[in-house]
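Below is one structure, written out as structure tokens, with a few remarks after it.
In what follows, chains are A, B, ... by sequence order, proteins preceding strands, each numbered from 1.
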Amino acid sequence: MLTLTYLRERRDSVISSLAKRGLDVTGSVDRILELDASRRGIQKDLDDTLAESNVLSRKIGELMREGKREEAEGVKSATSGLKEKTGTLRDKMSSLENEVHELLSHLPNTPSDMVVAGKSAEDNEEVGSWGEKPDLGDHNKPHWDIAKEKDLIDFELGSKVTGAGFPFYKGKGAKLQRGLIRFFLDYADDAGYTEYIPPLMINAESGFGTGQLPDKEGQMYHMPVDDLYMIPTAEVPLTNIYRDTMVNASDFPIKLCGYTPCFRREAGSYGKDVRGLNRLHQFDKVEIVQIQHPDKSAETLDSMVDHVKGLLEALELPYRILRLCAGDMGFTAAMTYDFEVWSAAQERWLEVSSVSNFETFQSNRLKCRFKGADGKNQLVHTLNGSALALPRIVAALLENHQDADGVKMPKALVPYVGFDRI
RNA sequence: GGAGGUGUGGCAGAGUGGUCGAAUGCACCGGUCUUGAAAACCGACGUACCUCACGGUACCGGGGGUUCGAAUCCCUCCACCUCCGCCA
């Protein structure tokens, strides 16, 4: 969430910045500023009225102490009008505040200067790539066929027990999942991230803190009985650790990671692209999160990008890196790099990681601050990235590394899975 | 699930209707002293909003209520602790 101060001071640049996302927010920005202005007027009134009645109250206290009951009663009667006035002003204040907050919480983050304008994936910039697309020749089965032949993943069984998009992993398929998770976590551990095993359900405050609510309400599984949401990513519980906290400037950077299953309703995505492991309702992911000083977050984002590069190269998967255009970025991000691996049999790129800097957008919602050099409290920067999401990695591993009689495991993975071929 | 208790500033911990935004101790910050440090002493020391400023207002787990006035009384929700029951 943008801060009101920022919006007040930088109205024009907010509008032009969000125009890069293809949004015209002039109306709602001006509405916010207008409501805020009248809120301030009301507050002045309210504060004055309260000050007035505080004076009278103090006076009554004095008179009572001096035993002048009758005089006190006289002053009391003078307060009734004030009381009524504060009541109505208070109501006005809070309804204005709510309205401002509502509008403000629906404004997406402003893209960084480096981010280009654009509406869709078409406009994303490719900023790096690695590896060669393998030539599969005759051995070019899509991963769902390999998974079936080798009995690694059972999609139909998942449909029976739960529903589409909830597969069972089995035998070497399950071991591959476990090995990948452990490989990713060890790699993050080596990079100085502290591992957490967070709750898989979160409350609405946490959903708001990282920006899933209200923007992505319909994309999360919700348990109405207890009003809890299944996490769509470990980002939510991990980042919310720091909700309502003051962090010590000397603790920067704070680095956390965690493996969790992730749950997404994926409402609205039907048809193609959902075959096999391409899009699931439940999938496994290791997430890395950093809390950083505002001056350092840009370089931190780069270091997180390098982290993901290292993982993909160890897995011997050709990838490309995209800097998302403004319109393709998530609601909360100021800058995002997506990693896509080449899926050799499907002959398409699959997104396997998204690394973002949210700057102060989340920390403002989270109320996560530190004491700056000038002694004033300021908002931290938050960042996170997938390192990595499993299903599409598995898809690419199976497809890219297949040969005449199976699938060869990349060297780095062999100690983790305990076999070198499937 | 049943019974009871607790929730105050970074931490500890006073405060049961008016002079309490809140004693005291610790931590932190600035200064004196010192070659330097420690100790000692002095000072500053919560957050947010409004105001050019002086200053004002709100906040003692969250929300609501009583009252001229609430950290203090009442209701409710939440969290934690203790005991009992149940269960992995």
Fill in: Any A/Asn384 side-chain heavy atom under 4.5 Å of A/Gln290 side chain
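Result no, sub-4.5 Å side-chain heavy-atom pair not found.
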
Any salt bridge between [X] and [Y], counting N to O under 4.0 Å?
{"X": "A/Glu99", "Y": "A/Arg39", "result": "no"}
{"X": "A/Arg11", "Y": "A/Asp30", "result": "yes"}
{"X": "A/Asp48", "Y": "A/Lys44", "result": "yes"}
{"X": "A/Glu399", "Y": "A/Lys141", "result": "no"}
{"X": "A/Glu340", "Y": "A/Arg392", "result": "no"}

Discussion item. Check for me whether A/Arg264 meets the cation-pi criterion with A/Phe283, that is, NZ or CZ under 6.0 Å from the six-membered ring centre and within 45 degrees of the ring axis.
Written reply: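 No, A/Arg264 and A/Phe283 do not form such a contact.
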
Worksheet item: Can you find a side chain N or O atom of A/Asn54 that sits less than 4.0 Å from OP1 or OP2 on B/U57?
Response: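 Checking A/Asn54 against B/U57: at least one side-chain N or O falls below 4.0 Å of OP1 or OP2.
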
Worksheet item: Is the distance from OP1 or OP2 of B/G69 to the nearest side-chain N or O of A/Lys83 less than 4.0 Å?
Response: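 For B/G69, OP1/OP2 do have a side-chain N/O of A/Lys83 under 4.0 Å.
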
Report the distance from atom [atom1] of [X] to atom [atom2] of [N], rounded to the nearest whole Å.
{"X": "A/Asp91", "N": "B/G64", "atom1": "CG", "atom2": "P", "result": "10 Å"}
{"X": "A/Asp244", "N": "B/G10", "atom1": "CG", "atom2": "C1'", "result": "15 Å"}
{"X": "A/Ile42", "N": "B/G56", "atom1": "CD1", "atom2": "C1'", "result": "17 Å"}
{"X": "A/Glu84", "N": "B/C68", "atom1": "CD", "atom2": "C1'", "result": "15 Å"}
{"X": "A/Leu50", "N": "B/A70", "atom1": "CG", "atom2": "P", "result": "10 Å"}
{"X": "A/Glu205", "N": "B/A79", "atom1": "CD", "atom2": "C1'", "result": "13 Å"}
{"X": "A/Glu97", "N": "B/G63", "atom1": "CD", "atom2": "P", "result": "12 Å"}

Taking the [atom1] atom of each, how far is [N] from [M], in whole Å?
{"N": "B/A23", "M": "B/C60", "atom1": "P", "answer": "16 Å"}
{"N": "B/C11", "M": "B/U16", "atom1": "C1'", "answer": "25 Å"}
{"N": "B/A27", "M": "B/G1", "atom1": "C1'", "answer": "43 Å"}
{"N": "B/A70", "M": "B/C52", "atom1": "C1'", "answer": "35 Å"}
{"N": "B/G15", "M": "B/U35", "atom1": "C1'", "answer": "48 Å"}
{"N": "B/A71", "M": "B/A22", "atom1": "C1'", "answer": "8 Å"}
{"N": "B/C49", "M": "B/C86", "atom1": "C1'", "answer": "50 Å"}
{"N": "B/U72", "M": "B/G18", "atom1": "C1'", "answer": "12 Å"}

Worksheet item: What string of B, S and - do you get for nucleotides 46-52 of chain B, 5' to 3', if B is base contact, S is sugar-phosphate-only contact and - is no contact with any protein heavy atom under 4.0 Å?
Response: -SSBSS-

Base-pairing mate for [N] - Watson-Crick or G-U, with both contacts under 3.5 Å:
{"N": "B/U24", "result": "B/A12"}
{"N": "B/G18", "result": "B/C68"}
{"N": "B/C33", "result": "none"}
{"N": "B/C59", "result": "B/G46"}

Review item, nucleotides 17-20 of chain B N/O atoms under 3.5 Å of protein N/O:
residue	atom	partner	partner atom	Å
B/G18	N2	A/Ser57	O	2.9
B/U19	O4	A/Arg65	NE	3.4

Fill in: Check: A/Glu359/A/Asn109 side-chain N/O donor and acceptor closer than 3.5 Å
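Side chains of A/Glu359 and A/Asn109: no pair found under 3.5 Å.
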
Practice prompt. May I ask you to check whether A/Thr194 and A/Lys255 show a side-chain donor-acceptor distance below 3.5 Å?
Written response: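 A/Lys255 and A/Thr194 do not have a side-chain donor-acceptor pair below 3.5 Å.
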
Atom pairs and distances, donor-acceptor, side-chain atoms in residues 299-313 of chain A, under 3.5 Å, two or more places apart:
residue	atom	partner	partner atom	Å
A/Thr300	OG1	A/Gln292	NE2	2.9
A/Thr300	OG1	A/Lys296	O	3.0
A/Ser303	OG	A/Thr300	O	2.8
A/Glu313	OE2	A/Tyr319	OH	2.5

Worksheet item: What do the steps show when you test A/Thr233 against A/Lys285 for side-chain hydrogen bond (donor to acceptor under 3.5 Å, both in side chains), and what is the final call?
Response: CA-CA 8 Å; A/Thr233 158; A/Lys285 180 161 66 66; 2.8 Å; yes

Worksheet item: Taking for each residue the nucleotide of RNA chain B with the nearest heavy atom, is it A/Leu46 or A/Met246 whose nucleotide lies nearer the 5' end?
Response: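 The residue closer to the strand's 5' end, by nearest nucleotide, is A/Met246.
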
